[in-house]
Amino acid sequence: MASNYDHKKFEKKWQKKWLEEKTYEPDLDSPKKPFYNLMMFPYPSAEGLHVGNMYAFTGADIYGRMKRMQGNDVFEPIGLDGFGIHSENYALKIGVHPADQAKVSEKRFYEQLQSIGNGFAWNERLETYDPEYYRWTQWLFVQMWKHGLAYRKKQSVNWCPKDLTVLSDEQVEGGKCERCGTEVVKKELEQWFFKITDYADRLLKNLDGLDWSEKVKIAQRNWIGKSEGAEIEFGIKKQELSIKVFTTRPDTLFGATFLVISPELAQKWMNGEWEAPAEARKYIQESLKRKEIDRLEEGKEKTGIFTGVYAVNPANKEEIPVWVADYVLGSYGTGAIMAVPAHDERDFEFAKKFKLPIKMVVCPHYPAKTCPVLDTAYIGEGHLVDSGKFNGMEARKAKWEIAKFVGGERKTQFRLRDWLISRQRYWGPPIPMIHCEACAAKNVGEQKAMPGWYAVPEKDLPVELPYIKNFRPTGSGVSPLAAEKSFYEVKCPKCGAPARRETDVSDTFLDSAWYYLRYLDPENKKSALNEKRVQKWLPAGLYTGGAEHSVLHLLYVRFMALALHDMGLVKFSAPGEDEPFKKFRAHGLLIKDGAKMSKSKGNVINPDEYIKNFGADTLRMYLMFLAPFEQGGDFRDSGVLGIERFLKKVWIYVIEWKENRDRVIQVEPRNLEVYTENIRNTDTTTKFQIHKTVKKVTEDVEALKFNTAISALMILMNEMRSDPADSGVISGKTLTDPELEMFLKLLAPFAPHMTEEIWRKVLGHKTSIHREPWPEYDPSMLREKKFILVIQVNGKVRDTVEVDAEVTEARAKEIALASEKVKTFIHGKKPQKVIYVPKKLVNIVI
RNA sequence: GCCCGGGUGGCGGAAUGGUUUACGCAGAGGACUUAAAAUCCUUGACCCGAAAGGGUUUGUGGGUUCGACUCCCACCCCGGGCACCA
């Protein structure tokens, strides 16, 4: 008798079997149809895997499983992004050494990742904190250095005064530390940077050719922030000085009624020959101190002060005052702007507050000679007025002419800044650089601009992270490694003099900027990557992950790929291709009962319990059934039951189907043919449904719409179970062997364990269902013989009639007009129009 | 403020110009059972009506169309991201 499916018995068993049989290990060296199914690897920074991780991995895995069955060699690796501040903070929180915690987390995470039933290629797993991995992360740093893409510079960084540590930009939320809520201050520190700005243009341009979630592309475009404009020089009266400003609106130059310089630039002046008035000096110093916090305060009023200096507007030779204000950024453009209050909201606000003149030069109601000043800045199109010889021109068209007129230089600015790569923390790959005082004094070194600096020779890599007791952040702006003499004392690789090793570690995002390359050959002891395999497997077929990485990981990883490509270190399969991921899809966010899951709310779902109670198959399907994958979903306990029932029904159906079939064969082996033939002739609705489902599921999985794919499988199951077949020996409709197998294969990516149990133990196949070819539908089976003709009167449905699929237009209209129900709405009037939509409806307009 | 999503039954959602609410959950009624669970069957937007039937309905208001959840315009609300980038 058909007993219930017991997931506890089967899931572990098949997971083990898949490992033994290497079901999900493709031939990395000679794949026939390589398909790299990559998903963002997790960072183990909590008690265990979050159900949100499982959501992401399951969706990607279902897609990968279909691709595998469609004949691709699918490579679906997994690993741990275990280095870095997330994991270190977790270790600090629970009071364990990060290196010890890593071992615990590794075991725990891998067990959990095993239990969700993904088709991971376990042989290729990697951990970023493994010296065999970070040896090559350091090697990449050295390559960046050698190619002039890594440099060192003094710059202000985010500093949390409570946690006594540097924070990365992404750890600053609304000007506050994401962990303790303390206001972040700025601190000047010497830092390592990667020249991502060199690639700004390419990173932007390449986006057009990428098949990525549109919101991610938009986020990257905004982050790169390309602006085309001009640099225009303003002379300063009575002094030899001049001020250069960057503007995207040279057409409004005649409306520039004052200049504003940033406090940073003002300070530079003060260090030079400028005698700042005491008031200004005070303002500059104060704003330099609290700038970052103030800027983020909502509804903050603009502040500023007059410098006492006047400049000359090069367009009309008018004298205009120079102000210093903190709404102008020192790090963007030239650090100075021309203020055109009539046509810029920020300048308008500033002019209003300090009663500075506002002059309209772009007029929306041309041909008025002058234009009244509006109560907000006018940023729209219009014609120029009050602009000398340019009067009457369309503002947009005059843009470059005016710039040229005053000798301005065309310039492109990017909002993107160089990537700050160094961290004053412990748990990361030490930056493989050595500084020699002796060489510095002699002004020699590997890079002219940075005397005394040498990369650690490649043969000496990795620079191992020592196991030290005092791994806590020091608060003094240096890494805890700076207290370890045995670590930092080295000899200069050039002159042999005593030198000092860099004690900062690199950003976690560098670890994750190349992991996908290492996956292809994680054991490689000779080089960072296996060029042949890289060329075969990349660009990846699909990359999936969270949208929160839109402008961090996803930008860094592209940058590194471009840089490696230019260094000649990687070549992808298509000639000239330099992007690693042609297709990227962001999964949605999983929430709980309408609210975000968070530890403070206590509503974080632990997948373990659900796997234990319902099984991985049920949880996988439930997560995918919630909503479209790219939209996210709302996790509610009650919904799990629906999937549990569905899988139970599948199990019972198959068991009964098998028992029934065996009984037929037992009586007389030849009966199977007769039996099958009978089925073939009796039931066409189910056959139609099967082929329709194959089409639907295939298309939906391809589009990552797993929710509707599951719904289609349910509809088919309901159909299979309805109306006892003519034979009367089995409840529900009877399928032929190939038909039942088609259904099972469609279900296999969603419920890999149960379908495998059925495939091999119930149906007796020798090899895995997950290596079976994906079912194809027969288009001729999809043709319906009849359809429901909808009859409308004035667009409202009044009747429906089942008609032959081949019905002619004339006949359909005739049927519609003959309908009794329709007649009562026509009231004997003559229809003005009768519209026929083939296979759909007739609309009678009266 | 700007950018991106989204607003459809009691709930998650389906439908991208053609029967609104597929599929699932919860609910109601019934069968089986000593009983419960499980399972199965029926029902299932709202209003009027005993019923037949009719009317209304996809955030709001307008428009295009024979026909609009779907396209266009304006507005409101929710979620997410960016935030003085000149």
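In what follows, every chain begins at residue 1, and chains take the letters A, B, ... in the order their sequences are listed.
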Length of the line joining A/Trp651:CH2 and B/A38:P, which is rounded to integer Å: 21 Å
If the condition is ring-ring contact (aromatic ring centres under 6.0 Å, His included), which residues does A/Phe350 pass it with, not counting sequence neighbours? A/Phe258, A/Trp323, A/Tyr327, A/Phe354
Tell me which residues in residues 706-717 of chain A put a heavy atom below 4.0 Å from RNA chain B, sorted by number, or none. A/Asn707, A/Thr708, A/Ser711, A/Met714, A/Ile715
What contact category does A/Val790 fall into here, base, sugar-phosphate, or nothing, at under 4.0 angstrom with non-hydrogen atoms? base
Of all the choices, B/G67, B/U39, B/U19, which nucleotide is nearest to the side chain of A/Arg645 once you look at every atom? B/U39
Ring centers of A/Trp419, A/Phe193 separated by less than 6.0 Å: no
Within the structure shown, what part of the strands sits under 4.0 Å from A/Ile591 by heavy-atom distance: base, sugar-phosphate, or nothing? nothing
Tell me what A/Ile835 touches on the nucleic acid: a base, only sugar-phosphate, or nothing, going by heavy atoms under 4.0 Å. base
Test ring-ring contact (aromatic ring centres under 6.0 Å, His included) applied to A/Trp212 - qualifying residues, sequence neighbours left out: A/Phe584
Base, sugar-phosphate alone, or nothing: which one does A/Ile337 contact when heavy atoms must sit under 4.0 Å apart? base
Return the nearest nucleotide to the side chain of A/Thr800; candidates are B/C40, B/U19, B/U39. B/U19
Polar atom pairs (N or O), protein with nucleotides 53-59 of chain B, under 3.5 Å:
from, atom 1, to, atom 2, distance (Å)
B/G55, OP2, A/Arg798, NH1, 3.1
B/U56, OP2, A/Lys796, NZ, 3.1

Nearest to side-chain heavy atoms of A/Ile218, which nucleotide of B/C66, B/A86, B/C3: B/C3
The complete set of salt bridge (Lys or Arg N to Asp or Glu O under 4.0 Å) pairs with one or both residues in residues 329-338 of chain A, sequence neighbours excluded, reads none
Kindly write out the residues that satisfy salt bridge (charged side-chain N to carboxylate O under 4.0 Å, His left out) with A/Lys226, not counting sequence neighbours, or none if the list is empty. A/Asp201
Distance-only donor-acceptor test (3.5 Å): side chain A/Gln792, base B/G18: yes
Phosphate OP1/OP2 of B/A83: any A/Arg415 side-chain N/O under 4.0 Å: yes
Answer with base, sugar-phosphate or nothing: what part of the nucleic acid does A/Arg636 contact at a heavy-atom distance below 4.0 Å? sugar-phosphate
With the side chain defined as heavy atoms from C-beta on, A/Asn718 is closest, among B/U19, B/G13, B/C23, to B/C23
Does the plane of the ring in A/Phe750 sit parallel, tilted or perpendicular to the ring in A/Phe706? Use 30° and 60° as the thresholds. perpendicular
Nearest-Å distance once atom P is located in both B/A37 and B/U43: 23 Å
Using a cut-off of 4.0 Å on non-hydrogen atoms, how would the nucleic acid contact of A/Lys649 be classed: base, sugar-phosphate, or nothing? sugar-phosphate
Which residues share a ring-ring contact (aromatic ring centres under 6.0 Å, His included) with A/Phe614, sequence neighbours left out: none
Please name all residues satisfying ring-ring contact (aromatic ring centres under 6.0 Å, His included) with A/Tyr610, sequence neighbours left out, ordered by chain then number. A/Phe635
Of the candidate nucleotides B/C4, B/A14, B/U20, which contains the atom at the shortest distance from the side chain of A/Pro628? B/A14
Any donor-acceptor pair under 3.5 Å joining the side chain of A/Lys215 to the base of B/C3? no
Salt bridge (Lys or Arg N to Asp or Glu O under 4.0 Å) pairs touching residues 691-701 of chain A, sequence neighbours excluded, are A/Lys695-A/Glu699, A/Lys696-A/Asp700
